[in-house]
Participant: 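Shown below is the structure under consideration.
Quantities reported herein were computed from a predicted structural model and do not represent experimental measurements. Values below: every heavy atom of this structure, side chains too, minus hydrogens, waters and symmetry copies.
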Amino acid sequence: MSMELLRELADRPLPCTLTSEHDIDRLRVLRAAGLIVALLPKPGSESQLGRVLTLTSAGRQALSRESENAPG
């Protein structure tokens, strides 16, 4: 799930580069939702590098809401 990747990104030093096709697809979802700023290859491109520059304030708020709603 893309939110799982967002949590992982929040724990990494940014910027960072992801190289798997699956991760790049999830980055596209996060970027389209306005949760990250990332440089991604165009669909159909031979490049398989996704560069995450930062989490947006909306991304950080989404993580905060998720942790507030977590059972526990």
Participant: Is Leu14 reachable from Met3 through a run of I, L, V, M, F, W or Y residues, each pair having side-chain heavy atoms under 4.5 Å apart?
Facilitator: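 Result: yes, single cluster for both.
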Participant: Evaluate the criterion side-chain contact (heavy atoms from CB on, under 4.5 Å) for residue pair Leu63 and Leu55; output intermediate values, then yes/no.
Facilitator: CA-CA 10 Å; Leu63 289 173; Leu55 273 62; 3.8 Å; yes
Participant: Is there a side-chain contact between Gln48 and Ile24 (heavy atoms, below 4.5 Å)?
Facilitator: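 Yes, their side chains come closer than 4.5 Å.
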Participant: Which residue pairs satisfy the salt bridge (Lys or Arg N to Asp or Glu O under 4.0 Å) criterion with at least one member in residues 10-23, sequence neighbours excluded?
Facilitator: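 Listed once each, the pairs are Asp23-Arg26.
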Participant: Got a sec, which residues hit side chain to side chain donor-acceptor pair (under 3.5 Å) with Ser47, two or more places apart in sequence or on another chain?
Facilitator: none
Participant: Ignoring hydrogens, what is the shortest heavy-atom contact between Arg51 and Pro15? Give both atom names and the distance.
Facilitator: NH2-CG, 3.4 Å
Participant: Which one of Leu39, Val52, Leu6 satisfies the side-chain contact (heavy atoms from CB on, under 4.5 Å) criterion with Leu27?
Facilitator: Val52
Participant: Look up atom CG in Leu5 and atom CG in Asp25, then write down how far apart they are to the nearest 0.5 Å.
Facilitator: 11.0 Å
Participant: Check whether any side-chain heavy atom of Arg28 lies under 4.5 Å from a side-chain heavy atom of Pro41, and answer yes or no.
Facilitator: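 They are in contact (side-chain heavy atoms under 4.5 Å apart), so the answer is yes.
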Participant: Only one of Ile36, Val37, Leu9 passes side-chain contact (heavy atoms from CB on, under 4.5 Å) with Thr54; say which it is.
Facilitator: Val37
Participant: Taking Leu35's backbone N and O only, do any of them form a donor-acceptor pair with Thr56's side chain (distance below 3.5 Å, no angle check)?
Facilitator: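 Answer holds: yes.
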Participant: So, taking the atom named SG in Cys16 and the one named CG in Leu53, what distance separates them when rounded to the nearest 0.5 Å?
Facilitator: 9.0 Å
